[in-house]
Amino acid sequence: MTTLKAVRGTRDLLPPETVLWNRIEETARRVFARYNFGEIRTPIFEDTFLFARSVGEETDIVSKEMYTWEDRARAQSEKTQSLTLRPENTAGVVRAYIEHKLGETGQLQKLYYIGPQFRRERPQKGRYRQFFQIGAEVIGPPSSGSESPLRDAEVLEMLATLLDELGITGWTLHLNSVGSAADRARYNEALRAALVPVAPRMCADCQRRAVTNPLRVLDCKVPEDQPIIESLPRIADSLDQDSVFHFAAVTAALDAAGVPYTRNHRLVRGLDYYTRTTFEFTHGGLGAQNALLGGGRYDGLSEAIGGPKAPGIGFALGLDRLVLTLQAQEGNPDSAAQQAMDAYIAPLGETVNAAALALARELRRGGLSVELGDGSFRIKKSFEAANRTARRIVILGEDELQSGILTVKDFSTGIQTKVPRAELAALLARPAGE
Ligand code: HAM
């Protein structure tokens, strides 16, 4: 039989790497709490229609990368339903916002999520088919201040703080405004017209995009095409007055808070729901897939999926890429340090196994970390296993059971002592060597 492996583009995360994942998630939860965000958990799969309407039918994500299936009808009278593994979480959050009438509270909703997303992309370093995002959305009725540029700046300031607290150094915040839907449509046509004379000199992908989706030409990385792309019209020149003022207020607030950014005229993002502010944080250490996170404002998204007016802004951070960046900076956590248990209980003979479990239970319920050996092990094997995992070994044989006096060895000093069972927990709680 061929050996079964994790499916291409998916992977197993094992200790000690998962220590790093947990540290990042805990840091994110802590930072989000300081900014008054609450957690939302939406389903892993949704009606396909949701992503078509929000992310956009013509985008790469929806047209090529979704895991979609027809869900069987339960009764003959019922229709099948097209379902899709979520390729991103903003659509699900806005659907939940509408479904639970969160707008009726009149309050700004500040929601964060941590979880897997699925896209059928070509796997490479930093790009997977199941990947993990930490994201957040700020959304509410206009009366809640959800349209204010202050919200954009606050989200960006929070991200800078989060990356700093995680110890990520050398990130760059790229910032742009894509204006209103009308501005974008106008820009799209300006770009299409400007590409007609120059496209024949560009790469094959650009020649195709010039016709099908001109905005995507701005993502091209082919060196020879760069001077041509730099000479194309910029979206900044297609923005209406309101969008210009909005963007100016975002940058003024960032300047006041001391958050550095660079204006990137080519940052139009690959999802259709964006309006006004768009951004990405990149990191040089990541190679081709250098976006650590991306996001922006989506003022018309709620209405596009049948909800009330509810402007919003949010981001999603690629957890896999964050881990890669931290590993490159500081390596994986030390597995020995991770597993310094308080004690290893070594039963001498299988007849004391049950008593050893009872002792382990007592100590663990008292808050100690305890690894439990097995009475079938030779004493040498128990000592080796204990030395690898714990600060102290506790020997439990028939004699110890009878007398209630246990033998404990501290590996850091090599000293062996006898302790009454009643004093065992207190001894094990002490740091090694004391
Ligand atoms: P996105 O730019 O498609 O935006 O994804 C955000 C981040 O997820 C990327 O910057 C990247 O770090 C990570 N990512 C995306 N695809 C992959 C992949 N195949 N493998 C590994 N990491 C990946 C969104 O998803 C929007 N929902 C963000 C947002 C929230 N906008 C407003 N609110």
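Heavy-atom basis, side chains included; hydrogens, waters and symmetry copies ignored. Numbering of ligands and ligand atoms starts at 1, following listing order.
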> Is K110 close to I139 at the side-chain level, that is, under 4.5 Å between some pair of heavy atoms?
Replying inline: no
>> Looking at T275 and D299, would you say the former's side chain and the latter's main chain have a donor-acceptor pair under 3.5 Å?
In response: yes
>> Are any of the N/O atoms on Y298, whether in the backbone or the side chain, positioned under 3.5 angstrom from an N/O atom of ligand 1?
In response: no
> Hey, are S82 and D71 close enough side-chain-wise for a donor-acceptor pair under 3.5 Å?
Replying inline: no
> Do N89 and Q133 have side-chain N/O donor and acceptor atoms under 3.5 Å apart?
Replying inline: no
>> Does any N or O of ligand 1 fall below 3.5 Å from an N or O anywhere on A291, backbone included?
In response: yes
>> Can you check which of S54, G314, G318 brings a heavy atom nearest to atom 32 (C) of ligand 1?
In response: G314
> Quick one: which ligand 1 atoms are inside 4.0 Å of a heavy atom on E121?
Replying inline: 16 (N), 17 (C), 18 (C), 19 (N)
> Can T161 and E165 be counted as having a side-chain donor-acceptor contact under 3.5 angstrom?
Replying inline: no
>> For atom 30 (C) of ligand 1, what's the nearest protein heavy-atom neighbour? Residue, atom name and distance, please.
In response: T90 OG1, 2.9 Å
> How about Y274 and Y298: are their ring centroids closer than 6.0 Å?
Replying inline: no
> So, does G296 sit close enough to ligand 1 that a heavy atom of it is under 4.0 Å from the ligand?
Replying inline: yes
> Relative to ligand 1, is E137 under 4.0 angstrom through side chain, backbone, both or neither, heavy atoms considered?
Replying inline: side chain
> Can you find an N or O of D320 that's nearer than 3.5 Å to an N or O of ligand 1?
Replying inline: no
>> For F132, which part has a heavy atom under 4.0 Å from ligand 1: side chain, backbone, both, or neither?
In response: neither
>> Need the ligand 1 atom indices (1-based, order shown) with element for anything under 4.0 Å from a heavy-atom of L293.
In response: 10 (O)
> Going by the order shown, which atoms of ligand 1 are within less than 4.0 Å of some heavy atom of Y274?
Replying inline: 26 (C), 28 (C), 29 (C), 31 (N), 32 (C)
>> If you count heavy atoms of other groups shown closer than 6.0 angstrom to CZ of R208, is the number above 12?
In response: yes
> Of F281, Y113, F131, which has the heavy atom at the shortest distance from atom 17 (C) of ligand 1?
Replying inline: F131
> Going by atom types only, do T277 and D152 share a side-chain donor-acceptor pair under 3.5 Å?
Replying inline: yes
>> Does any N or O of ligand 1 fall below 3.5 Å from an N or O anywhere on R269, backbone included?
In response: yes
> Would T90 and E137 count as having a side-chain donor-acceptor pair, cut-off 3.5 Å?
Replying inline: yes
>> Taking 4.0 Å as the limit for heavy-atom contacts, which would you say applies to Q133 with ligand 1: side chain only, backbone only, both, or neither?
In response: side chain
> Relative to the heavy atoms of L292, which atoms of ligand 1 are at a distance of less than 4.0 Å?
Replying inline: 10 (O), 12 (O)
>> Using a 4.0 Å cut-off to any heavy atom of G126, which atoms of ligand 1 qualify?
In response: 20 (N), 21 (C), 22 (N)
>> Pairing donors with acceptors under 3.5 angstrom, does anything connect the side chains of S177 and H246?
In response: no
> Is a side-chain donor-acceptor pair under 3.5 Å present for R119 with Y67?
Replying inline: no
>> Out of all atoms in ligand 1, which are within 4.0 Å of some heavy atom of E88? Include the element for each.
In response: 25 (O), 26 (C), 27 (N)
>> Within the 3.5 Å criterion, strictly below it, is a donor on E25 or W21 matched to an acceptor on the partner's side chain?
In response: no
> ligand 1 versus R127, non-hydrogen atoms closer than 4.0 Å: side chain, backbone, both, neither?
Replying inline: both
> Of the protein's non-hydrogen atoms, which lies at the shortest distance from atom 7 (C) of ligand 1, and what is that distance?
Replying inline: A316 O, 3.4 Å
>> Suppose I only count heavy atoms of L271 and a 4.0 Å limit; which atoms of ligand 1 are within that range?
In response: 3 (O)
